[in-house]
Amino acid sequence: MSTPTTANPDLLKPYRDTDASGASLRQISADAFYVVNEIVTKRLGHIPIFKGDFHLLPYKVQRFVAEKAELCRPRGIYICDGSEHEAEEITHKLVERGMLTPLAAYENNYLCRTDPKDVARVESKTWMVTPDKYQTVTHTPEGVEPMMGHWMPPTQFADELDARFPGCMAGRIMYVIPFSMGPLGGPISKIGVQLTDSNYVVLSMRVMTRASHEVLDALGNNDFVRCIHSVGLPRPVRQKVINHWPCNPERVIIAHRPAQREIWSFGSGYGGNSLLGKKCFALRIASNIARDEGWLAEHMLIMGVTRPNGKEHFIAAAFPSACGKTNLAMLEPTLPGWKVRCVGDDIAWMKFGEDGRLYAINPEAGFFGVAPGTSDKTNPMAVATFQKNSIFTNVAETSEGRYYWEGLEDEVKDKNVEITDWLGNPWKLGDPTPAAHPNSRFCAPASQCPIIHPDWESPNGVPIEAIIFGGRRPEGVPLVFETFSWKHGIFTGGCLKSETTAAAEHKGKSVMHDPMAMRPFMGYNFGKYLEHWVHLQKGNHQVPKIYHVNWFRKGQDGKFLWPGYGENIRVIDWIIRRLDGEENIGENTAIGVVPTKGSINLEGLGVVNWDELMSLPPDYWKQDAIEVRKFFEEQVGPDLPPEVRTELDEQEKRIANL
Ligand code: OXD
Ligand code: MN
């Protein structure tokens, strides 16, 4: 494997935390420390430290920073301490430069417009780098592209890095962000250090993670996930920088080395491409760590639901991107006496405790939610959360200094207010083009959510009783069903599908497989991932019950059959009553247990076409069974665990009898 080119290639040898026998080098001798210091000092050369004391960094962090500074050649290094003062300093700089615009109607809210070519996650340029292809992807037949995971061989990866990273931060500052995913020092939490030349990323990582100086104290000599990010536009730039948003869309690469716990991201400043704690670390790298250590890192919200009798239940729910996880996590129940409190809206790290229960933490500290569609009607708690200290990216702006996006039409009081769209053009209510980009986002501190759960930062997590899978399924799929068992639930999650959304680069609306809502975030071979799930049912583990929901079924008139949002509490009520063992509220069907007629409380809802909402059209399901078999045969093939294959066979037989 070649290494990135430098004057002294020896200095770029990958830094290893283990010796040849694999033993950890946590303790280093005084001699070794001297050598480390020598190397570090040489690597830093003349690059000045603009902020922070480099020599107070843990020695592993020093080596990491020095090695990458030598490679990327920034004009200086800025070690972030996570303080308010630091955020203010960076914010002022960005306002002065024109990258951030204050939204004057709020306290400390800012608008950012990106280069319109850098607006979403780029799945086609996101890679896992493993020596063996099948560590990353499943064995698919000749000519069939694996849809979960993108593999890149290490040799190609080295060439791709060589072609991008040397000198990539020239003329820019390299920020060093120490951060913790999960409450600092918690038993499930993990530490990372992100290097970036984007100050927008610094501000966003402060919101989305626990980025602080204390992280370094907690790290000591332990390992951390290495995150290297560059917007990929060294100075002097040779192309026009649009909206003060440097990026290099043609050369984007987001690559993960799971064994090394390392992430390299180049060319994009947007969301999951650049806030490396989120999808890259908390899902792709963490799912590898989770597999090694026997836990789960999943694309799931976590909610606490309290019933009128005062009893609280914790639920985790996996939906593909932009399918309403944030709305469900902050649901405002329409049924009297119910209360929902949010633990997390996007990612769950879950580990079985000694008592056999599955405990979940939210590794993030903020919400990076899809803005369009979010309003006082659909998610008042999210709206309350982002009234201050938030960054809005690619939304529209009113002349009154307010944010604006599709879904806020009714909330604009002065219908003649001037609006500037996400591209900076004048826009009026009723114009045919969208005011905000469909993947525009708010980035807000979770602590500001009025219904954040008091235990949301509990280091040990909250005990999960049910897992819900769901997607946008306009046809055929009932509002809710319970799976027959842990294994049947895994099979059901494995064939999760949803209509595509704007969260990634996909165009048009088609129903796509998104197994376990993890298709874009799968960190290793999907068959092995399913096997890992299957094997968690052992010993004293009390595995949660698994459900499937579909808020998005449409009737023959093309309208949604279910009102959704706060009314979804009615479905959660049924789920909790099932957990409680209430009798006569479920009936077996080919795909799982559906509610018996009348067992979901529909009081006060007006007309709901129950039969259409709950029906299992035989033709639809027979077609679906053929498609699902093709999916498992082609996409998982020999990697499919026998337990899941049995579920596939059994479900097919049941559907044949419909
Ligand atoms: C997200 C996504 O940003 O899933 O959460 O795309
Ligand atoms: Mn997500």
Side-chain angles (χ1 to χ4, degrees), residues 112 114 118-126 148 181 200-201 204-205 207-209 252 254 265 268-287 296-303 316-330 342-349 360 362-374 379 382 385-386 390-395 405 436-444 446 449 468-472 493 496-507 512-523:
C112 178
T114 70
D118 190 19
V119 292
R121 284 185 290 98
V122 197
E123 291 177 10
S124 58
K125 296 181 182 176
T126 301
M148 274 89 58
M181 298 308 289
Y200 165 88
V201 166
S204 308
M205 284 289 286
V207 176
M208 296 307 299
T209 72
V252 167
I254 297 129
S265 166
S268 166
Y270 202 77
N273 298 334
S274 68
L275 312 181
L276 301 187
K278 194 171 180 60
K279 306 300 185 180
C280 299
F281 177 167
L283 289 175
R284 298 190 195 96
I285 295 288
S287 59
L296 291 167
E298 300 298 329
H299 192 205
M300 291 181 184
L301 67 87
I302 309 163
M303 68 201 289
F319 293 76
S321 304
C323 283
K325 276 204 302 300
T326 308
N327 292 345
L328 182 58
M330 298 177 197
C342 172
V343 178
D345 80 326
D346 195 42
I347 298 176
W349 285 0
N362 168 12
E364 300 190 280
F367 306 126
F368 187 71
V370 176
T374 309
N379 193 340
T385 306
F386 54 61
S390 302
I391 305 171
F392 298 82
T393 306
N394 287 338
V395 305
W405 49 72
H437 186 277
N439 190 39
S440 54
R441 301 280 179 144
F442 56 81
C443 178
C449 179
I468 301 178
F469 289 106
R472 290 177 188 265
L496 198 67
K497 297 187 223 181
S498 189
E499 250 180 7
T500 50
T501 66
E505 72 267 43
H506 310 291
K507 299 273 177 288
M512 226 173 139
H513 279 275
D514 195 339
M516 317 295 267
M518 282 286 280
R519 180 185 44 72
F521 314 119
M522 201 59 77

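Atoms within each ligand, like the ligands themselves, are counted from 1 in listed order. Computed from heavy atoms alone, side chains included, the values below leave out hydrogens, waters and symmetry copies. One-based numbering along the sequence shown.
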May I ask you to list the atoms of ligand 1 that are less than 4.0 angstrom from any heavy atom of [X]?
| X | value |
| --- | --- |
| Lys279 | 1 (C), 2 (C), 3 (O), 4 (O), 5 (O) |
| Asp346 | 5 (O) |
| His299 | 4 (O) |
| Phe521 | 4 (O) |

Opening angle at the Mn ion (ligand 2) [NZ, Lys279; NE2, His299; to 10 degrees]: 90°
Winner among Pro520, Gly369, Ser321 once heavy atoms are compared against atom 2 (C) of ligand 1: Ser321
Phe367/Phe386 under ring pair (Phe, Tyr, Trp, His ring centres under 6.0 Å): CA gap, chis, key distance, verdict: CA-CA 9 Å; Phe367 306 126; Phe386 54 61; 9.8 Å; no
Of all N/O/S atoms in Asp346, the name of the one nearest the Mn ion (ligand 2): OD1
Report yes or no: does [X] contribute a side-chain atom to a donor-acceptor pair with the main-chain N or O of [Y] at less than 3.5 Å?
| X | Y | value |
| --- | --- | --- |
| Lys278 | Gly272 | no |
| Asn362 | Ile302 | no |
| Arg472 | Ala322 | yes |
| Asn273 | Ala120 | yes |

Reference residue Phe521; test side chain to side chain contact (heavy atoms under 4.5 Å, CB included); the match among Thr126, Asp514, Leu283: Leu283
Asp345 versus Thr326, side-chain donor and acceptor atoms under 3.5 Å: yes
Test item, Lys325 contacting ligand 1 (heavy atom, 4.0 angstrom): no
The Mn ion (ligand 2) reached by Lys325 (N, O or S, under 2.8 Å): no
